[in-house]
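Since the model is a prediction, treat every value here as computed from it, not as a measurement.
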Amino acid sequence: MAGPRKVSKEQYDEFRSKMEEKYGYDEMSDEEKKDFDEKIDQVAVVDNKTDQTDADDGDEREERERGDGHPHSLEDDDDENIR
């Protein structure tokens with residue numbers, strides 16, 4: 001089985017809130033709440049690096065798509081320099 005999905009704090013809060021409402025968290029006993037908390041943590045955890053990681057992945061992806069990581073403007077100038 002795969003580990004818990006890493007999500008942003010906002011996504012985790014929204015997911016947890018929906019699950020608490022769906023399963024009646026407020027009416028649960030302390031033991032039931034403990035079990036519920038453990039099960040939620042098996043599904044999703046807060047990844048403090050989510051926003052930063054997403055931005056970094058985009059930059060790296062763009063460089064790979066370009067090939068050697070050079071900006072497009074330098075590649076486009078080659079045609080203008082031919083006489």
Side-chain angles (χ1 to χ4, degrees):
M1 184 170 126
R5 181 174 179 189
K6 295 181 180 181
V7 297
S8 71
K9 175 78 168 129
E10 292 80 18
Q11 290 171 319
Y12 178 85
D13 290 345
E14 181 179 345
F15 170 71
R16 183 175 176 96
S17 177
K18 286 180 181 179
M19 293 300 104
E20 286 179 1
E21 185 177 326
K22 180 176 181 177
Y23 293 104
Y25 186 82
D26 292 336
E27 288 80 35
M28 291 181 183
S29 68
D30 289 342
E31 187 175 316
E32 289 172 321
K33 286 180 179 180
K34 181 181 176 192
D35 288 342
F36 178 90
D37 294 341
E38 289 174 3
K39 288 177 184 175
I40 289 289
D41 290 341
Q42 290 175 357
V43 177
V45 295
V46 175
D47 181 9
N48 295 328
K49 299 179 182 178
T50 302
D51 295 330
Q52 182 181 10
T53 303
D54 290 346
D56 292 343
D57 288 347
D59 293 342
E60 291 175 14
R61 187 178 314 117
E62 286 179 28
E63 286 180 16
R64 284 193 302 271
E65 289 173 359
R66 289 185 199 135
D68 58 4
H70 292 281
H72 282 286
S73 61
L74 294 177
E75 293 172 8
D76 295 338
D77 289 342
D78 291 342
D79 293 340
E80 294 176 12
N81 293 330
I82 298 175
R83 294 182 189 178

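- A distance of 14.0 Å separates CD of Gln11 from NZ of Lys6, quoted to the nearest 0.5 Å.
- For Tyr25, the ring-ring contact (aromatic ring centres under 6.0 Å, His included) partners at least two apart in sequence or on another chain are Phe36.
- Using a 4.0 Å cut-off between charged side-chain N and carboxylate O, Lys39 and Asp35 make no salt bridge.
- Closest of all the heavy-atom pairs between Asp41 and Tyr12 is OD1-OH, 3.4 Å.
- Minimum heavy-atom separation, Pro4 to Ala44: CB-N, 3.9 Å.
- Around atom CD of Glu38, more than 12 heavy atoms belonging to other residues, nucleotides or ligands sit under 6.0 Å away.
- A continuous path of hydrophobic side-chain contacts links Val43 to Val46 [ILVMFWY only; heavy atoms under 4.5 Å].
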Quick one: do Lys34 and Asp30 satisfy salt bridge (charged side-chain N to carboxylate O under 4.0 Å, His left out)? Show the steps, please. CA-CA 6 Å; Lys34 181 181 176 192; Asp30 289 342; over 6 Å; no

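- Residue Lys33 places its NZ atom among more than 12 non-hydrogen atoms of other residues, nucleotides or ligands, all under 6.0 Å distant.
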